[in-house]
*Asks:* 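Right, I'll just put the structure down here and ask away after.
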Protein chains: 2
Amino acid sequence: MEATSSLTQEALGSEAQRDRHRRILDATIALASEGGFDAVQMRAVAERADVALGTLYRYFPSKVHLLVSALAREFEQSQAELAGSPALGDTPHARVMHVLGRSTTYLKQDPLLTEALVRAFMFADAGVSTEINRVGRMLTSALTDAMHPGAEPSEEDVAIAKVIGDVWLAALVGWVTGRTSPGDVEKSLDVAARLLLR
Amino acid sequence: MEATSSLTQEALGSEAQRDRHRRILDATIALASEGGFDAVQMRAVAERADVALGTLYRYFPSKVHLLVSALAREFEQSQAELAGSPALGDTPHARVMHVLGRSTTYLKQDPLLTEALVRAFMFADAGVSTEINRVGRMLTSALTDAMHPGAEPSEEDVAIAKVIGDVWLAALVGWVTGRTSPGDVEKSLDVAARLLLR
DNA sequence: GACGCAACAGGAACACGTTCCAGTCCCGCG
DNA sequence: CGCGGGACTGGAACGTGTTCCTGTTGCGTC
(Lines give C-alpha, C1' and ligand atoms only; values in the text may rest on other atoms or scores of the structure.)
Protein backbone atom coordinates (compact mmCIF):
# COMPACT_ATOMS: atom_id res chain seq x y z
CA MET A 1 0.00 0.00 0.00
CA GLU A 2 1.06 3.58 -0.47
CA ALA A 3 2.66 5.36 2.39
CA THR A 4 0.88 8.69 2.22
CA SER A 5 -2.83 7.99 1.46
CA SER A 6 -3.95 9.66 -1.73
CA LEU A 7 -4.83 13.17 -0.61
CA THR A 8 -6.49 14.09 -3.86
CA GLN A 9 -7.00 12.42 -7.18
CA GLU A 10 -3.84 13.86 -8.66
CA ALA A 11 -0.46 12.69 -7.43
CA LEU A 12 1.88 15.53 -6.64
CA GLY A 13 5.35 15.20 -7.93
CA SER A 14 7.99 16.12 -5.43
CA GLU A 15 8.18 15.62 -1.72
CA ALA A 16 8.24 19.40 -1.25
CA GLN A 17 4.99 19.65 -3.18
CA ARG A 18 3.28 16.98 -1.10
CA ASP A 19 4.46 18.84 1.95
CA ARG A 20 3.07 22.16 0.73
CA HIS A 21 -0.21 20.44 -0.06
CA ARG A 22 -0.38 19.02 3.44
CA ARG A 23 0.59 22.34 5.07
CA ILE A 24 -2.12 24.14 3.15
CA LEU A 25 -4.83 21.71 4.24
CA ASP A 26 -3.53 21.80 7.81
CA ALA A 27 -3.68 25.57 7.84
CA THR A 28 -7.17 25.46 6.39
CA ILE A 29 -8.44 23.11 9.08
CA ALA A 30 -6.74 25.12 11.81
CA LEU A 31 -8.18 28.43 10.68
CA ALA A 32 -11.61 26.91 10.18
CA SER A 33 -11.53 25.44 13.69
CA GLU A 34 -10.61 28.80 15.13
CA GLY A 35 -12.99 31.08 13.32
CA GLY A 36 -15.20 29.22 10.89
CA PHE A 37 -15.81 29.95 7.24
CA ASP A 38 -15.04 33.65 7.40
CA ALA A 39 -11.73 33.05 9.13
CA VAL A 40 -10.50 30.86 6.31
CA GLN A 41 -9.14 33.78 4.34
CA MET A 42 -6.93 32.93 1.44
CA ARG A 43 -4.19 35.33 2.50
CA ALA A 44 -4.28 33.90 6.01
CA VAL A 45 -4.13 30.32 4.77
CA ALA A 46 -1.19 31.17 2.53
CA GLU A 47 0.65 32.90 5.34
CA ARG A 48 0.09 30.13 7.87
CA ALA A 49 1.03 27.44 5.36
CA ASP A 50 4.10 29.50 4.45
CA VAL A 51 3.35 29.68 0.75
CA ALA A 52 2.61 32.60 -1.52
CA LEU A 53 -0.95 33.45 -2.39
CA GLY A 54 -0.38 32.52 -6.01
CA THR A 55 0.91 29.14 -4.97
CA LEU A 56 -2.16 28.52 -2.88
CA TYR A 57 -4.28 29.20 -5.96
CA ARG A 58 -2.08 26.88 -7.98
CA TYR A 59 -2.95 24.05 -5.62
CA PHE A 60 -6.61 24.89 -5.06
CA PRO A 61 -8.43 27.00 -7.63
CA SER A 62 -10.85 28.54 -5.13
CA LYS A 63 -11.70 28.85 -1.48
CA VAL A 64 -14.53 26.39 -1.92
CA HIS A 65 -12.25 23.82 -3.54
CA LEU A 66 -9.86 24.28 -0.68
CA LEU A 67 -12.48 23.76 2.00
CA VAL A 68 -14.15 20.84 0.29
CA SER A 69 -10.79 19.16 -0.17
CA ALA A 70 -10.07 19.69 3.49
CA LEU A 71 -13.47 18.25 4.35
CA ALA A 72 -12.81 15.20 2.21
CA ARG A 73 -9.47 14.59 3.92
CA GLU A 74 -10.97 14.93 7.39
CA PHE A 75 -13.90 12.71 6.52
CA GLU A 76 -11.59 10.08 5.10
CA GLN A 77 -9.44 10.13 8.21
CA SER A 78 -12.39 9.80 10.56
CA GLN A 79 -13.86 6.99 8.47
CA ALA A 80 -10.52 5.21 8.57
CA GLU A 81 -10.41 5.56 12.34
CA LEU A 82 -13.92 4.21 12.66
CA ALA A 83 -13.42 1.38 10.22
CA GLY A 84 -12.29 -0.92 13.01
CA SER A 85 -15.24 -0.31 15.28
CA PRO A 86 -18.47 -1.67 13.85
CA ALA A 87 -21.82 -0.08 14.47
CA LEU A 88 -23.37 -1.32 17.68
CA GLY A 89 -27.01 -2.13 18.15
CA ASP A 90 -29.59 -4.87 17.74
CA THR A 91 -31.69 -3.28 15.04
CA PRO A 92 -30.90 -1.43 11.82
CA HIS A 93 -32.35 1.68 13.40
CA ALA A 94 -30.09 1.41 16.44
CA ARG A 95 -26.99 0.77 14.35
CA VAL A 96 -27.73 3.62 11.97
CA MET A 97 -28.26 5.97 14.87
CA HIS A 98 -24.99 4.76 16.38
CA VAL A 99 -23.13 5.64 13.21
CA LEU A 100 -24.85 8.98 12.88
CA GLY A 101 -24.38 9.75 16.56
CA ARG A 102 -20.64 9.19 16.33
CA SER A 103 -20.33 11.53 13.39
CA THR A 104 -22.55 14.15 14.93
CA THR A 105 -20.68 14.02 18.20
CA TYR A 106 -17.48 14.55 16.28
CA LEU A 107 -18.94 17.55 14.47
CA LYS A 108 -20.36 19.04 17.65
CA GLN A 109 -16.91 19.13 19.16
CA ASP A 110 -15.73 21.55 16.52
CA PRO A 111 -18.68 23.70 15.57
CA LEU A 112 -16.69 26.34 13.71
CA LEU A 113 -14.94 23.75 11.60
CA THR A 114 -18.30 22.18 10.85
CA GLU A 115 -19.71 25.54 9.87
CA ALA A 116 -16.87 26.19 7.48
CA LEU A 117 -17.12 22.79 5.84
CA VAL A 118 -20.89 22.74 5.51
CA ARG A 119 -20.89 26.25 4.08
CA ALA A 120 -18.30 25.24 1.51
CA PHE A 121 -20.32 22.16 0.67
CA MET A 122 -23.31 24.39 0.04
CA PHE A 123 -21.44 26.81 -2.13
CA ALA A 124 -19.70 24.24 -4.23
CA ASP A 125 -20.43 24.09 -7.91
CA ALA A 126 -19.97 21.42 -10.56
CA GLY A 127 -16.20 21.92 -10.44
CA VAL A 128 -15.89 20.23 -7.09
CA SER A 129 -18.45 17.50 -7.64
CA THR A 130 -15.72 14.86 -7.62
CA GLU A 131 -14.79 15.53 -4.03
CA ILE A 132 -18.41 15.98 -3.01
CA ASN A 133 -19.52 12.72 -4.52
CA ARG A 134 -16.67 11.01 -2.75
CA VAL A 135 -17.97 12.22 0.59
CA GLY A 136 -21.51 11.22 -0.35
CA ARG A 137 -20.47 7.71 -1.28
CA MET A 138 -18.55 7.27 1.96
CA LEU A 139 -21.58 8.28 3.98
CA THR A 140 -24.00 6.13 2.01
CA SER A 141 -21.90 3.01 2.32
CA ALA A 142 -21.34 3.61 6.03
CA LEU A 143 -25.10 3.75 6.49
CA THR A 144 -26.02 0.77 4.35
CA ASP A 145 -23.39 -1.26 6.15
CA ALA A 146 -24.90 -0.23 9.48
CA MET A 147 -28.32 -1.29 8.26
CA HIS A 148 -27.22 -4.77 7.24
CA PRO A 149 -23.63 -5.39 8.29
CA GLY A 150 -21.56 -7.32 5.85
CA ALA A 151 -24.36 -7.79 3.35
CA GLU A 152 -24.62 -6.35 -0.12
CA PRO A 153 -26.99 -3.39 0.20
CA SER A 154 -30.28 -3.65 -1.65
CA GLU A 155 -31.55 -0.88 -3.87
CA GLU A 156 -33.98 0.12 -1.17
CA ASP A 157 -31.21 0.23 1.41
CA VAL A 158 -29.31 2.65 -0.77
CA ALA A 159 -32.41 4.78 -1.30
CA ILE A 160 -33.02 4.93 2.45
CA ALA A 161 -29.40 5.82 3.10
CA LYS A 162 -29.61 8.64 0.61
CA VAL A 163 -32.72 10.05 2.23
CA ILE A 164 -31.03 9.92 5.61
CA GLY A 165 -28.04 11.66 4.10
CA ASP A 166 -30.34 14.38 2.80
CA VAL A 167 -31.92 14.83 6.21
CA TRP A 168 -28.47 15.01 7.74
CA LEU A 169 -27.39 17.67 5.31
CA ALA A 170 -30.53 19.72 5.86
CA ALA A 171 -30.19 19.40 9.62
CA LEU A 172 -26.55 20.47 9.46
CA VAL A 173 -27.50 23.45 7.36
CA GLY A 174 -30.09 24.39 9.94
CA TRP A 175 -27.52 24.08 12.66
CA VAL A 176 -24.63 25.94 11.07
CA THR A 177 -26.96 28.74 10.03
CA GLY A 178 -27.98 29.11 13.64
CA ARG A 179 -31.60 28.16 13.23
CA THR A 180 -31.48 24.95 15.25
CA SER A 181 -29.35 23.40 17.97
CA PRO A 182 -27.01 20.43 17.59
CA GLY A 183 -29.50 18.42 19.63
CA ASP A 184 -32.08 19.07 16.94
CA VAL A 185 -29.77 17.48 14.39
CA GLU A 186 -29.83 14.18 16.21
CA LYS A 187 -33.55 14.47 16.83
CA SER A 188 -34.27 15.02 13.15
CA LEU A 189 -32.11 12.07 12.24
CA ASP A 190 -33.80 9.85 14.80
CA VAL A 191 -37.24 10.73 13.51
CA ALA A 192 -36.20 10.15 9.91
CA ALA A 193 -34.51 6.86 10.69
CA ARG A 194 -37.56 5.70 12.63
CA LEU A 195 -39.85 6.55 9.74
CA LEU A 196 -37.63 4.93 7.15
CA LEU A 197 -36.47 1.81 8.97
CA ARG A 198 -39.73 0.25 10.02
CA MET B 1 -58.07 41.90 5.52
CA GLU B 2 -55.11 44.08 4.62
CA ALA B 3 -54.75 45.30 1.08
CA THR B 4 -51.06 44.76 0.55
CA SER B 5 -50.16 41.42 2.20
CA SER B 6 -47.44 41.82 4.82
CA LEU B 7 -44.27 41.66 2.78
CA THR B 8 -42.07 41.35 5.82
CA GLN B 9 -42.65 41.32 9.51
CA GLU B 10 -42.27 45.08 9.86
CA ALA B 11 -44.84 47.38 8.38
CA LEU B 12 -43.32 50.14 6.33
CA GLY B 13 -44.60 53.59 7.02
CA SER B 14 -45.30 55.60 3.93
CA GLU B 15 -46.60 54.65 0.55
CA ALA B 16 -43.30 55.72 -1.01
CA GLN B 17 -41.47 53.33 1.29
CA ARG B 18 -43.71 50.42 0.42
CA ASP B 19 -43.09 51.25 -3.20
CA ARG B 20 -39.31 51.31 -2.77
CA HIS B 21 -39.53 48.00 -0.94
CA ARG B 22 -41.49 46.49 -3.81
CA ARG B 23 -39.18 47.96 -6.46
CA ILE B 24 -36.15 46.52 -4.68
CA LEU B 25 -37.61 43.02 -4.53
CA ASP B 26 -38.75 43.29 -8.16
CA ALA B 27 -35.25 44.27 -9.24
CA THR B 28 -33.80 41.42 -7.20
CA ILE B 29 -36.06 38.83 -8.83
CA ALA B 30 -35.40 40.26 -12.28
CA LEU B 31 -31.63 40.21 -11.90
CA ALA B 32 -31.69 36.75 -10.37
CA SER B 33 -33.79 35.45 -13.25
CA GLU B 34 -31.38 36.91 -15.75
CA GLY B 35 -28.08 35.86 -14.26
CA GLY B 36 -28.47 33.94 -11.02
CA PHE B 37 -26.83 34.59 -7.69
CA ASP B 38 -23.76 36.36 -9.06
CA ALA B 39 -25.84 38.75 -11.14
CA VAL B 40 -27.67 40.00 -8.07
CA GLN B 41 -25.12 42.67 -7.31
CA MET B 42 -26.08 45.21 -4.74
CA ARG B 43 -25.11 48.16 -6.93
CA ALA B 44 -27.10 46.73 -9.81
CA VAL B 45 -30.15 46.11 -7.62
CA ALA B 46 -29.95 49.65 -6.29
CA GLU B 47 -29.65 51.11 -9.76
CA ARG B 48 -32.48 49.10 -11.24
CA ALA B 49 -34.73 49.81 -8.26
CA ASP B 50 -33.79 53.47 -8.55
CA VAL B 51 -32.59 53.82 -4.98
CA ALA B 52 -29.18 54.63 -3.55
CA LEU B 53 -26.94 51.84 -2.34
CA GLY B 54 -27.23 53.06 1.24
CA THR B 55 -31.00 52.95 0.99
CA LEU B 56 -30.90 49.40 -0.24
CA TYR B 57 -28.88 48.48 2.84
CA ARG B 58 -31.34 50.31 5.01
CA TYR B 59 -34.11 48.06 3.75
CA PHE B 60 -32.14 44.81 3.64
CA PRO B 61 -29.03 44.46 5.76
CA SER B 62 -27.28 42.04 3.41
CA LYS B 63 -27.47 40.39 0.02
CA VAL B 64 -28.63 37.18 1.67
CA HIS B 65 -31.43 38.96 3.51
CA LEU B 66 -32.46 40.52 0.25
CA LEU B 67 -32.57 37.24 -1.63
CA VAL B 68 -34.29 35.30 1.13
CA SER B 69 -36.91 38.04 1.43
CA ALA B 70 -37.44 37.87 -2.31
CA LEU B 71 -37.74 34.10 -2.06
CA ALA B 72 -40.32 34.40 0.71
CA ARG B 73 -42.39 36.83 -1.33
CA GLU B 74 -42.29 34.63 -4.42
CA PHE B 75 -43.13 31.53 -2.43
CA GLU B 76 -46.03 33.30 -0.76
CA GLN B 77 -47.39 34.46 -4.09
CA SER B 78 -47.17 31.04 -5.65
CA GLN B 79 -48.82 29.46 -2.62
CA ALA B 80 -51.61 32.01 -2.81
CA GLU B 81 -52.13 31.21 -6.48
CA LEU B 82 -52.24 27.52 -5.75
CA ALA B 83 -54.51 27.84 -2.74
CA GLY B 84 -57.57 27.49 -4.92
CA SER B 85 -56.47 24.32 -6.68
CA PRO B 86 -56.30 21.37 -4.29
CA ALA B 87 -53.80 18.58 -4.69
CA LEU B 88 -55.08 15.92 -7.04
CA GLY B 89 -54.67 12.21 -6.53
CA ASP B 90 -56.21 9.21 -4.82
CA THR B 91 -53.46 8.48 -2.32
CA PRO B 92 -51.38 10.62 0.02
CA HIS B 93 -48.34 9.71 -2.07
CA ALA B 94 -49.98 10.86 -5.30
CA ARG B 95 -51.22 14.09 -3.79
CA VAL B 96 -47.86 14.90 -2.22
CA MET B 97 -46.11 14.25 -5.51
CA HIS B 98 -48.63 16.48 -7.24
CA VAL B 99 -47.82 19.34 -4.87
CA LEU B 100 -44.09 18.77 -5.18
CA GLY B 101 -44.30 18.40 -8.94
CA ARG B 102 -46.05 21.73 -9.31
CA SER B 103 -43.38 23.50 -7.30
CA THR B 104 -40.53 21.76 -9.03
CA THR B 105 -41.98 22.54 -12.44
CA TYR B 106 -42.19 26.15 -11.43
CA LEU B 107 -38.57 26.16 -10.31
CA LYS B 108 -37.36 24.39 -13.42
CA GLN B 109 -38.78 27.16 -15.56
CA ASP B 110 -36.47 29.67 -13.98
CA PRO B 111 -33.25 27.87 -13.14
CA LEU B 112 -31.16 30.95 -12.54
CA LEU B 113 -33.70 32.39 -10.16
CA THR B 114 -33.79 29.06 -8.36
CA GLU B 115 -30.03 28.99 -8.14
CA ALA B 116 -29.94 32.44 -6.62
CA LEU B 117 -32.62 31.68 -4.06
CA VAL B 118 -31.27 28.29 -3.01
CA ARG B 119 -27.76 29.69 -2.67
CA ALA B 120 -29.05 32.49 -0.48
CA PHE B 121 -31.00 30.00 1.60
CA MET B 122 -27.80 28.05 2.13
CA PHE B 123 -25.80 31.05 3.13
CA ALA B 124 -28.32 32.52 5.46
CA ASP B 125 -27.45 32.85 9.13
CA ALA B 126 -29.50 33.27 12.27
CA GLY B 127 -30.39 36.81 11.30
CA VAL B 128 -32.73 35.64 8.56
CA SER B 129 -34.24 32.70 10.41
CA THR B 130 -37.59 34.47 10.59
CA GLU B 131 -38.03 34.50 6.84
CA ILE B 132 -36.60 31.04 6.47
CA ASN B 133 -38.90 29.53 9.05
CA ARG B 134 -41.81 31.18 7.31
CA VAL B 135 -40.94 29.40 4.09
CA GLY B 136 -40.47 26.13 5.95
CA ARG B 137 -43.87 26.39 7.62
CA MET B 138 -45.58 27.13 4.31
CA LEU B 139 -44.03 24.07 2.73
CA THR B 140 -44.79 21.79 5.66
CA SER B 141 -48.43 22.79 5.84
CA ALA B 142 -48.83 22.42 2.08
CA LEU B 143 -47.50 18.87 2.35
CA THR B 144 -49.50 17.80 5.40
CA ASP B 145 -52.62 19.16 3.74
CA ALA B 146 -51.85 17.12 0.64
CA MET B 147 -51.40 14.03 2.76
CA HIS B 148 -54.76 14.37 4.52
CA PRO B 149 -56.76 17.19 2.97
CA GLY B 150 -58.77 19.26 5.37
CA ALA B 151 -57.72 17.26 8.41
CA GLU B 152 -55.62 18.41 11.30
CA PRO B 153 -52.13 16.97 10.64
CA SER B 154 -50.87 14.39 13.11
CA GLU B 155 -47.46 14.60 14.67
CA GLU B 156 -46.24 11.89 12.34
CA ASP B 157 -47.61 13.75 9.33
CA VAL B 158 -45.59 16.78 10.30
CA ALA B 159 -42.47 14.67 10.80
CA ILE B 160 -42.88 13.10 7.38
CA ALA B 161 -43.43 16.47 5.77
CA LYS B 162 -40.26 17.78 7.37
CA VAL B 163 -38.23 14.86 6.07
CA ILE B 164 -39.61 15.44 2.59
CA GLY B 165 -38.72 19.09 2.91
CA ASP B 166 -35.19 18.09 3.83
CA VAL B 167 -34.93 15.81 0.82
CA TRP B 168 -36.24 18.59 -1.37
CA LEU B 169 -33.66 21.00 -0.05
CA ALA B 170 -30.81 18.54 -0.51
CA ALA B 171 -31.99 17.72 -4.03
CA LEU B 172 -32.23 21.39 -4.92
CA VAL B 173 -28.73 21.95 -3.60
CA GLY B 174 -27.50 19.10 -5.77
CA TRP B 175 -29.22 20.62 -8.75
CA VAL B 176 -28.16 24.25 -8.37
CA THR B 177 -24.59 23.17 -7.71
CA GLY B 178 -24.66 21.31 -11.00
CA ARG B 179 -24.21 17.83 -9.60
CA THR B 180 -27.62 16.49 -10.60
CA SER B 181 -30.31 17.27 -13.16
CA PRO B 182 -33.74 18.71 -12.43
CA GLY B 183 -35.18 15.33 -13.25
CA ASP B 184 -33.18 13.85 -10.41
CA VAL B 185 -34.89 16.24 -8.03
CA GLU B 186 -38.28 14.74 -8.79
CA LYS B 187 -36.86 11.24 -8.70
CA SER B 188 -35.37 11.76 -5.25
CA LEU B 189 -38.63 13.17 -4.01
CA ASP B 190 -40.60 10.29 -5.43
CA VAL B 191 -38.37 7.73 -3.78
CA ALA B 192 -38.51 9.54 -0.46
CA ALA B 193 -42.28 9.94 -0.59
CA ARG B 194 -42.69 6.29 -1.47
CA LEU B 195 -40.54 5.24 1.47
CA LEU B 196 -42.26 7.53 3.90
CA LEU B 197 -45.90 7.23 2.86
CA ARG B 198 -46.46 3.50 3.04
C1' DG C 1 -44.43 79.43 5.93
C1' DA C 2 -40.26 78.00 8.98
C1' DC C 3 -38.02 74.36 11.57
C1' DG C 4 -36.24 69.85 12.70
C1' DC C 5 -35.39 65.34 11.72
C1' DA C 6 -35.40 61.03 9.66
C1' DA C 7 -34.80 59.03 5.21
C1' DC C 8 -32.46 59.26 0.92
C1' DA C 9 -28.80 60.26 -2.83
C1' DG C 10 -24.27 60.07 -4.29
C1' DG C 11 -20.10 58.40 -3.80
C1' DA C 12 -15.64 57.32 -1.37
C1' DA C 13 -13.45 53.79 1.21
C1' DC C 14 -12.43 49.21 3.06
C1' DA C 15 -12.17 43.90 3.10
C1' DC C 16 -11.52 39.77 0.90
C1' DG C 17 -11.65 36.47 -3.17
C1' DT C 18 -9.32 36.26 -7.31
C1' DT C 19 -6.09 37.37 -11.10
C1' DC C 20 -1.83 38.77 -12.92
C1' DC C 21 2.96 39.95 -13.40
C1' DA C 22 8.02 40.47 -12.68
C1' DG C 23 11.70 38.52 -10.44
C1' DT C 24 13.86 34.49 -8.12
C1' DC C 25 14.72 29.71 -6.97
C1' DC C 26 15.16 24.82 -7.83
C1' DC C 27 16.19 20.96 -10.47
C1' DG C 28 17.08 18.02 -14.29
C1' DC C 29 19.79 17.97 -18.68
C1' DG C 30 23.46 18.70 -21.88
C1' DC D 1 29.44 23.64 -14.69
C1' DG D 2 26.08 26.38 -17.27
C1' DC D 3 21.26 26.52 -19.20
C1' DG D 4 16.46 26.34 -19.57
C1' DG D 5 12.02 25.94 -17.88
C1' DG D 6 8.67 25.25 -14.61
C1' DA D 7 7.42 26.37 -9.77
C1' DC D 8 7.47 29.71 -6.18
C1' DT D 9 7.55 34.49 -4.04
C1' DG D 10 6.06 39.02 -3.22
C1' DG D 11 3.04 42.22 -4.26
C1' DA D 12 -0.02 45.08 -7.16
C1' DA D 13 -4.54 45.32 -9.00
C1' DC D 14 -9.52 44.42 -9.86
C1' DG D 15 -14.49 43.27 -8.62
C1' DT D 16 -18.07 43.08 -5.43
C1' DG D 17 -20.21 43.07 -0.65
C1' DT D 18 -20.36 46.23 3.02
C1' DT D 19 -19.66 50.51 5.65
C1' DC D 20 -19.47 55.32 6.22
C1' DC D 21 -19.77 60.21 5.37
C1' DT D 22 -21.72 64.54 3.52
C1' DG D 23 -25.24 67.03 1.58
C1' DT D 24 -30.19 67.09 0.16
C1' DT D 25 -35.07 66.18 0.32
C1' DG D 26 -39.61 65.14 1.96
C1' DC D 27 -42.71 65.58 5.66
C1' DG D 28 -44.89 66.26 10.13
C1' DT D 29 -45.15 70.03 13.75
C1' DC D 30 -45.64 74.62 15.34
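Lettering of chains follows the sequences in order, A, B, ..., and the numbering in each one begins at 1. FYI, side chains are in, hydrogens and waters are out, and symmetry mates aren't considered; it's all heavy atoms of this structure.
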*Asks:* For E47(A), which residues count as a salt bridge (charged side-chain N to carboxylate O under 4.0 Å, His left out) partner, sequence neighbours excluded?
*Replies:* none
*Asks:* Please list, chain by chain and in numerical order, all residues satisfying side chain to side chain contact (heavy atoms under 4.5 Å, CB included) with Y57(B), sequence neighbours excluded.
*Replies:* M42(B), L53(B)
*Asks:* Using the side chain to side chain contact (heavy atoms under 4.5 Å, CB included) criterion, which residues pair with V176(A)? Sequence neighbours excluded.
*Replies:* T114(A), E115(A), V118(A)
*Asks:* Pairs in or reaching into residues 87-98 of chain B: which pass side chain to side chain donor-acceptor pair (under 3.5 Å), with residues at least two apart or in two chains?
*Replies:* H93(B)-D190(B)
*Asks:* Any side chain to side chain donor-acceptor pair (under 3.5 Å) pairs touching residues 31-42 of chain B, not counting sequence neighbours?
*Replies:* S33(B)-D110(B), E34(B)-R48(B)
*Asks:* Of all residues at least two apart in sequence or in a different chain, which pass the side chain to side chain contact (heavy atoms under 4.5 Å, CB included) check with Q77(B)?
*Replies:* R73(B), E74(B)
*Asks:* V40(B) near the nucleic acid: base, sugar-phosphate alone, or nothing, with a heavy-atom cut-off under 4.0 Å?
*Replies:* sugar-phosphate
*Asks:* Whole Å only: how far is the CG atom of D38(A) from the P atom of dT18(D)?
*Replies:* 11 Å
*Asks:* Tell me which pairs pass ring pair (Phe, Tyr, Trp, His ring centres under 6.0 Å) where either residue lies in residues 105-154 of chain B, with sequence neighbours left out.
*Replies:* F37(A)-F123(B), F123(A)-F123(B)
*Asks:* Mind checking which nucleotides bracket the chain A contacts on DNA chain C, 5' to 3', with an atom under 4.0 Å from a heavy atom?
*Replies:* dC16(C) to dT19(C)
*Asks:* Let me know the distance between OH of Y57(B) and C1' of dT19(D), rounded to the nearest Å.
*Replies:* 9 Å
*Asks:* Below 3.5 Å between N/O atoms, which protein atoms pair up with nucleotides 5-12 of chain D? Just atom names and distances, please.
*Replies:*
unit_1, atom_1, unit_2, atom_2, d
dC8(D), OP1, R20(A), NH1, 3.0
dC8(D), OP1, Y59(A), OH, 2.9
dC8(D), OP2, R58(A), NE, 3.3
dT9(D), OP2, A52(A), N, 2.8
dT9(D), OP2, T55(A), OG1, 2.5

*Asks:* Provide, to the nearest angstrom, the distance between the CZ atom belonging to F60(B) and the C1' atom belonging to dT19(D).
*Replies:* 19 Å
*Asks:* Please report the distance, rounded to the nearest Å, between CD in Q41(B) and C1' in dT18(D).
*Replies:* 14 Å
*Asks:* Could you tell me whether D166(B) and K162(B) make a salt bridge, using a distance below 4.0 angstrom between a side-chain N and a carboxylate O?
*Replies:* no
